[in-house]
Amino acid sequence: MQPVLGIESSCDETAAAVLDGDGRILAESVASQEAAHAPYGGVVPEIAARAHLAVLPDLVRGVMGRARLSFGDLGGVAASAGPGLIGGLIVGSQVAKGIALAHRLPYVAVNHLEAHALTARLPGLVEGSAPFPYLLLLVSGGHCQCVAVEGVGRHVRLGGTMDDAAGEAFDKVAKLLGLGWPGGPALEALAARGDAARVAFPRPMLGRKGCDFSFSGLKTAVALEVARHGAEALPEALAADIAASFQRAVADVLADRAAHAMAMMRVRAPEAHLLVVAGGVAANGAVRAALGAAAERAGFALVAPPVRLCTDNAVMVAWAGIEQLRLGLTDGLDFAPRPRWGLECLSHGVGEVAARQRRG
Ligand code: KG4
Ligand code: ZN
């Protein structure tokens, strides 16, 4: 297959990448909008959409130039078409469709969650290229779920959060501790200097049947602990202990829920033996260590892609495009981006495949 261009614009990272037909990265680029949103303490959708529009054309030209390709050399164009913020999704989809239309290329509307799910199959990451089926734990700022990944377009959600996503909990607790946004990396740095045994925070859902998550009670417990120490700024040593204690609680909960999910996976598919972690929270060392230990106990191997492939990027979008193009799956240029687009909506098997080929 000829190289494929991937575009990511579903949240606050604008990214473009070109992969050759075997999935080797020829060029990639990510422009973070963190600085634009930081003053507001979170992503502002209107600012995000305008920023995608401002930088995406140059980003695409840049990766094509570094890959020494012109659009006519491509075998297809893939863009995240949901779930995510609709303004950004429209920008990325329209750029991809414009290139596809002008150069008569196949277009693939990629589900952003499926792109995270398929990252483990990028050549070179896992020996044997992560054969289906495997278990995915997706832990990002917007998502927290366990998914049985059974094939391209075939995913079964085993459980998910009932309130906040894990990354959202990190961001909210970081705010309580007076750290900047996004809070995950700053909180991890602070926690490295703290004592994780100082505060016994609750472990919501620990031991509970299934693999659902809940983080709002833990966040409230941190808020109460911070308030207990009065209105003045927390001494740094105390803030570090709270950060470390919170991080340990999240890691314990994620490891417990993943253990339950692995047991469920064993029943669904006894041959499954990989636990793949994706999303920004997968960058956290304590989380990775806890998941690694849980996987080992369950006889699974943990696959934690490099951090730059765990957070939002276009390599995973191009790769998801390649996986679909290999199966002959393309989308029509009338495909409308979807702010809400659950992974289970792809699981229509043959019917969905047939429908997509008709549209294409
Ligand atoms: O996957 P991602 O880049 O974007 C989406 O949300 O889709 O994830 C960002 C989230 C943020 O909530 C951020 O605070 C969290 O991942 N995060 C971390 C770390 N790095 C990023 N959380 C904990 N520890 C980290 N080192
Ligand atoms: Zn993401």
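Both counts, for ligands and for their atoms, begin at 1 and track the order of listing. In what follows, residues are counted from 1 in the order of the sequence shown.
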Arg288 atom CZ, over 12 foreign heavy atoms within 6.0 Å: yes
Counting non-hydrogen protein atoms only, what is the nearest one to atom 13 (C) of ligand 1? Give residue, atom name and distance. Asp171 OD1, 3.7 Å
Under the 3.5 angstrom rule, does the side chain of Lys97 hit a backbone N or O of Gly332 as a donor-acceptor pair? no
Can you list the protein N, O or S atoms less than 2.8 Å from the Zn ion (ligand 2)? His112 NE2, His116 NE2, Asp312 OD1
Would you say the side chain of Met316 lies within less than 4.5 Å of the side chain of Leu118, judging by non-hydrogen atoms? no
Tell me whether the count of non-hydrogen atoms from other residues, nucleotides or ligands lying under 6.0 Å of CZ in Arg66 goes above 12. yes
Looking only at non-hydrogen atoms, which of Gly280, Ala174, Gly167 approaches atom 17 (N) of ligand 1 most closely? Gly280
Gly279: heavy atom below 4.0 Å from ligand 1, yes or no? yes
Under 3.5 Å: N/O of Thr311 near N/O of ligand 1: no
Nearest protein heavy-atom contact for atom 24 (N) of ligand 1: which residue, which atom, what distance? Asn284 ND2, 3.0 Å
In sequence, state the C-alpha distance, the side-chain angles, and the governing distance for Arg308 and Glu28, and then conclude on salt bridge (charged side-chain N to carboxylate O under 4.0 Å, His left out). CA-CA 11 Å; Arg308 70 183 172 83; Glu28 63 167 311; 2.5 Å; yes
Atom 9 (C) of ligand 1: which protein heavy atom is closest, and how many Å away? Gly141 N, 3.8 Å
Can you find an N or O of Asp312 that's nearer than 3.5 Å to an N or O of ligand 1? yes
Number the atoms of ligand 1 from 1 as they appear, then name those within less than 4.0 Å of a heavy atom of Phe170, with their elements. 22 (N), 23 (C)
On the ring face of Phe132, is Arg121 found with NZ or CZ under 6.0 Å from the centre and within 45° of the axis? yes
Derivation of the salt bridge (charged side-chain N to carboxylate O under 4.0 Å, His left out) call for Asp212 and Arg257: CA-CA 7 Å; Asp212 284 335; Arg257 306 285 72 207; over 6 Å; no
Output the list of atoms in ligand 1 that are nearer than 4.0 Å to some heavy atom of Gly142, sorted by atom number. 6 (O)
Geometric class of the Trp181/His37 ring pair [parallel <30°, tilted 30-60°, perpendicular >60°]: perpendicular
Where is the nearest protein heavy atom to atom 26 (N) of ligand 1: which residue, which atom, and how far? Glu188 OE1, 2.8 Å
Ignoring hydrogens and angles, tell me if any N or O in the side chain of His155 forms a donor-acceptor pair with the backbone of Val149 under 3.5 Å. no
Donor-acceptor side-chain pairing of Asp312 and His116 below 3.5 angstrom: yes
Give the residue and atom name of whichever protein heavy atom lies nearest to atom 18 (C) of ligand 1, and the separation in Å to one decimal. Gly184 CA, 3.5 Å
Can any side-chain N or O of Asp241 pair as donor or acceptor with the backbone N or O of Asp195 at less than 3.5 Å? yes
